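Structure, as structure tokens:
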Amino acid sequence: MSEVSTVDGRTVRVALLGCGTVGREVARLLTEQADELAARAGAPVELAGIAVRRPDKHPELPRHLLTADAGALVESDVDVVVELIGGIEPVRGWLLSALRKGKSVVTANKALLAEYSAELSEAADAAGADLYFEAAVAGAIPLLRPLRESLAGDRITKVMGIVNGTTNYILSAMDSTGANYAETLEEASRLGYAEADPTADVDGYDAASKAAILASLAFHSRVTASDVHREGIAGVSSFDIAAAKALGRTVKLLAICERVTADDGTESVSARVHPVMIPRSHPLAAVGGAFNAVFVEADAAGELMFYGQGAGGAPTASAVLGDLVAVARNRVLGGRGPRESAHAALPVRPHLQTPTRYHISLDVADRPGVLAQVAHVFAAHEVSIAAVRQRDRTSTASLVIVTHLAPEAALEATVEEIGKMDVVHEVVSVMRVEGED
Ligand SMILES: NC(=O)c1ccc[n+]([C@@H]2O[C@H](COP(=O)([O-])OP(=O)(O)OC[C@H]3O[C@@H](n4cnc5c(N)ncnc54)[C@H](O)[C@@H]3O)[C@@H](O)[C@H]2O)c1
Ligand SMILES: N[C@@H](CCO)C(=O)O
Ligand code: NA
């Protein structure tokens, strides 16, 4: 039995930590939909307190609920802690303390989960509490519950998609209107999509945290953010976007988590986040603005696609409220949500071994034999060429090469050697490609 007491044996008392973009929408929905939530949870779900950094800055919230002392609110007589502050410390300590006392936790904090979900899950299991985090990946889209529950009987082989709204908003604008990178990022922050420090978005940290969470759930293993190969969009230039367009492709920041089976049958996990050129006919190419979309491939289910709003206050609050009703229901009826499932304990495959395909755009000297010299470097690294396109300029020619699958290490070595060739004036764009043309 948990030590938690409720007000009258039935009311579920909720501590809300943080009342920013997402927290304020959660507080609004909790208040506006109190009767319906009570009916669905089986008991009233009562906001017992709201922790914010500066209570005086929140005249819109009931004064008696506000506190600047989140730690004390967690320790007070509450059943559930909803954490919408973000970051690792001091949040980690508060949530561990809550879970150890049997209080359930709902959080949208992917940065924390991508590092400490094992520790948090163990604390939850030991005390019989719930840990739910649907809002942490792909905002409103029900994705983690399908992975944890609906697909628990299947064998997932790949999870791939757009999981960061801010960077998708920027890349979509760059592709459609040639918009300026910095201005579009500012707009994404204003709309509530970006993290408090938007470098977490543009440098791929946010997507890498989400990839770690997805890979852990999909492959029943423990994958942390540092296991994920990460590249952001800061290096994506207008040349890259134009090169993609010329090939009938577009650039997206993708999280790609794969189950890799070696020749001897041993399995490992590959998890990476980087910009990718995909054909404009690919379903992910049509995902614009702050929308997210994720493909899941499983042995029996085949291919599934999850699509919807991946960022923003109200969409993210929808996922938080869904989790809150679930944990409240578990408290009222007795029962537990899914526990951590890490029994497969698959190792993470080093990024340099990952098979991938490159698109390489070069400015080369316009004279006979150059293509053969460049092709020779690919052959020397055992990288096979799938397509070549050449266009003459005045004294230089542009050469576009798309490879077949090759290990990342071989592709990197090929590009490095090509960059040093006298006949190569400039390596204009190097990007990975996914999907058939
Ligand atoms: N904004 C989104 O679209 C979105 C989507 C999914 C997940 N998330 C996650 O949700 C969480 C919150 O994001 P947000 O966009 O609402 O952030 P935000 O910066 O708008 O809000 C954070 C809130 O936390 C409060 N806070 C900060 N430090 C505090 C402290 N020490 N004590 C008490 N309160 C404190 C702030 O006052 C603010 O109210 C983050 O983990 C974020 O990654 C956000
Ligand atoms: N900053 C995140 C919020 C949603 O997790 C994004 O842009 O996707
Ligand atoms: Na989600």
Side-chain angles (χ1 to χ4, degrees), residues 15-27 49-58 60-61 66-74 82-95 106-114 132-148 161-171 185 188-207 209-210 213-214 217 232-233 253 255 273 289-294 306-323:
L16 177 60
L17 311 189
C19 205
T21 304
V22 183
R24 88 169 68 92
E25 290 299 314
V26 168
I50 306 173
V52 291
R53 213 193 321 247
R54 296 277 308 273
D56 56 309
K57 298 270 182 201
H58 291 275
E60 78 286 6
L61 296 171
L66 287 173
T67 176
D69 191 345
L73 179 59
V74 167
V82 175
E83 186 272 307
L84 298 168
I85 289 178
I88 297 197
E89 297 297 352
V91 169
R92 170 173 159 252
W94 293 331
L95 298 192
V106 174
T107 177
N109 191 335
K110 49 267 161 133
L112 176 68
L113 289 160
Y132 274 62
F133 44 93
E134 181 60 72
V137 184
I141 307 171
L143 176 61
L144 304 190
R145 198 158 306 163
L147 290 177
R148 286 172 104 183
I162 296 166
V163 295
N164 183 269
T166 302
T167 48
N168 200 56
Y169 187 83
I170 295 170
L171 291 174
L185 174 57
S189 291
R190 198 181 57 73
L191 291 167
Y193 305 147
E195 295 301 301
D197 174 2
T199 55
D201 296 293
V202 293
D203 290 342
Y205 290 99
D206 179 79
S209 293
K210 291 162 174 169
I213 296 168
L214 290 172
L217 298 182
I233 64 161
L253 184 73
V273 166
F291 278 77
N292 285 186
V294 178
F306 298 84
Y307 171 77
Q309 295 194 69
T316 308
S318 165
V320 172
L321 264 290
D323 282 356

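Both ligands and their constituent atoms are indexed starting at 1 by order of listing. Since the model is a prediction, treat every value here as computed from it, not as a measurement. Just the heavy atoms: all of them, side chains too, but no hydrogens, waters or symmetry mates, feed the values below.
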Out of [options], whose heavy atom sits nearest [atom]?
| atom | options | value |
| --- | --- | --- |
| atom 29 (C) of ligand 1 | Ile50, Thr67, Ile85 | Ile85 |
| atom 4 (C) of ligand 2 | Gly310, Gly139, Gly165 | Gly310 |
| atom 9 (C) of ligand 1 | Pro90, Gly312, Ala188, Ala108 | Ala108 |
| atom 1 (N) of ligand 1 | Gly192, Gly165, Ser209, Ala319 | Gly192 |
| atom 11 (C) of ligand 1 | Asp201, Leu84, Asp69 | Leu84 |
| atom 20 (O) of ligand 1 | Asp206, Thr21, Leu113 | Thr21 |

For atom 5 (O) of ligand 2, find the nearest protein heavy atom and state the residue, atom name and distance (0.1 Å precision). Lys110 NZ, 2.5 Å
Pull out every atom of ligand 2 sitting under 4.0 Å from any heavy atom of Asn164, numbered as shown with elements. 2 (C), 6 (C), 7 (O), 8 (O)
Counting only non-hydrogen atoms of the protein, does one fall under 4.0 Å from atom 17 (O) of ligand 1? no
Going by an N to O cut-off under 4.0 Å, is there a salt bridge joining Lys110 and Glu195? yes
For Ala194, is the nearest heavy atom under 4.0 Å from an atom of ligand 2? yes
Heavy atom of Gly139, distance to ligand 1 below 4.0 Å: no
